[in-house]
Amino acid sequence: MAVYCIRAVNKQSAITGTLWYLSKGRLYALCVTVFIVSFCLVAHVLYMRYLNDSTLCLESYHDDEPINVDTLREKIKLPQTKRRLPQCLIIGVRKGGTRALLEFLNIHSMIQRSTDEIHFFDNERKYNMGLEWYRQQMPYSFADQITVEKSPAYFITEGAPERIRAMNESIRLLLIVREPVTRLISDYSQLAANKAKKDKFIRPFQDLVFREDGTVNTDYRAVRVSMYSLYIKMWLSVFQRDQILIINGDRMIRDPYPEIYKTEQFLGLEHRIGRENFFYNKTKGFYCVRNYTVDKCLNESKGRKHPPIDPEIISKLRQFYAPFNREFYNLVRQDFGWPED
Ligand SMILES: *[C@@H]1O[C@H](CO)[C@@H](O)[C@H](O)[C@H]1NC(C)=O
Ligand SMILES: *[C@@H]1O[C@H](CO)[C@@H](O)[C@H](O)[C@H]1NC(C)=O
Ligand SMILES: *[C@@H]1O[C@H](CO)[C@@H](O)[C@H](O)[C@H]1NC(C)=O
Ligand SMILES: *[C@@H]1O[C@H](CO)[C@@H](O)[C@H](O)[C@H]1NC(C)=O
């Protein structure tokens, strides 16, 4: 570097004659200083997560923002980093808070996450592209970091557990669940919002959720996804119970810290995410994350307000889910205490 600098200066010496006044020693010192300063600047930006103390510099964030440090880090390959298969997957459940969980965990310096849902294990076409293709979709990480990918459809996909086991039988899985009726309403609200965007209508909630004879319509996918006991069976037949951490999504939304603390522990990470990393946005009614470099909230499609649903309908649905919930508690040996009427 020093040699290069001196040569470059020599070349331009005719124009920048003044530089000749600098002794070789001073020139060398100048070059070294410039080198160190630029190195520090680059290191500061890219290795931000390794610096414990940096100045508070808030940056607003939107999921679709074109350039931010995160996306840069995913594209730039630092020495000693490579793309690695995930050692941890967030498998579901849809509308359970998977995006919030992923973004909250990502505050931890030992976590690297895939921003996109890859849908590798639930999509035939993608699965057939092979593990090497999947690995290429992952962010660059250091050997001691944990790569996390989330695709909520894994939870309900038959065959996904076997495929995941074939990749890594000791993988760690995160499942975040919410009270089934709340999840169903949230799922419906999202489907309705998506349809509205395309100027399409969605049938009223009760018409989709109940059959004409008044029974619950288990053919409606959103109803089925909340029947957690049906799906957890296939995971428990492939993985050990202690490989799966089940997070209470309703609690995480109210108070993220304890749930994230448990997750760090489950992943064998040092506790680095503190209460100070979460702040509540009153307008959004939602927790946002903050650390030295970012201050970010989930975008508007998250934490959406639900449509008002008749309490009688809610009660009927709770009764319907009660036996499935109890079976779920027994299977996972964890009682969520969801209301039964
Ligand atoms: C802050 O969080 C972002 C992701 O939300 C992460 O990329 C970044 O490395 C974190 N910075 C520090 C200093 O931990
Ligand atoms: C499989 O997952 C475990 C648990 O996260 C991890 O320690 C291990 O390194 C992974 N194995 C491979 C080959 O990625
Ligand atoms: C809270 O969210 C609102 C609406 O998205 C936004 O305008 C406001 O800046 C946020 N406040 C903070 C402190 O992040
Ligand atoms: C929110 O994020 C989703 C996916 O990440 C994106 O499709 C959508 O356009 C975003 N919405 C807003 C309002 O930014």
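Note that the coordinates shown come from a computational prediction; the quantities given were computed from them, not determined experimentally. Every number for a ligand or one of its atoms is a count from 1 in the order of the listing. Only this structure's heavy atoms are used, side chains among them; waters, hydrogens and symmetry mates stay out.
For atom 4 (C) of ligand 2, the nearest protein heavy atom (residue, atom name, distance) is Ser170 O, 3.3 Å. Of all protein heavy atoms, the one lying nearest to atom 5 (O) of ligand 2 is Gln87 O, 2.9 Å. With hydrogens left out, the protein atom closest to atom 7 (O) of ligand 2 is Arg172 NH2, 4.4 Å, a heavy atom.
By the 4.0 Å heavy-atom criterion, Cys88 is excluded from the residues contacting ligand 2. Residue contacts with ligand 2 include Ile171, since one or more of its heavy atoms lies under 4.0 Å from the ligand.
Here atom 12 (C) of ligand 2 lies nearest to Asn168 when heavy atoms of Thr147, Leu267, Asn168 are compared.
Remark: aromatic rings of Phe121 and Tyr134 are close, center separation under 6.0 Å. Aromatic ring centres of Phe120 and Tyr127 lie closer together than 6.0 Å. Tyr287 has its ring centre no less than 6.0 Å from the ring centre of Phe104.
Put simply, the side chain of Glu264 gets close to the backbone of Arg272: a donor and an acceptor are under 3.5 Å apart.
Under a hydrophobic-cluster definition in which Ile, Leu, Val, Met, Phe, Trp and Tyr are linked whenever side-chain heavy atoms come within less than 4.5 Å, directly or via other members, Leu208 and Leu191 are assigned to the same cluster.
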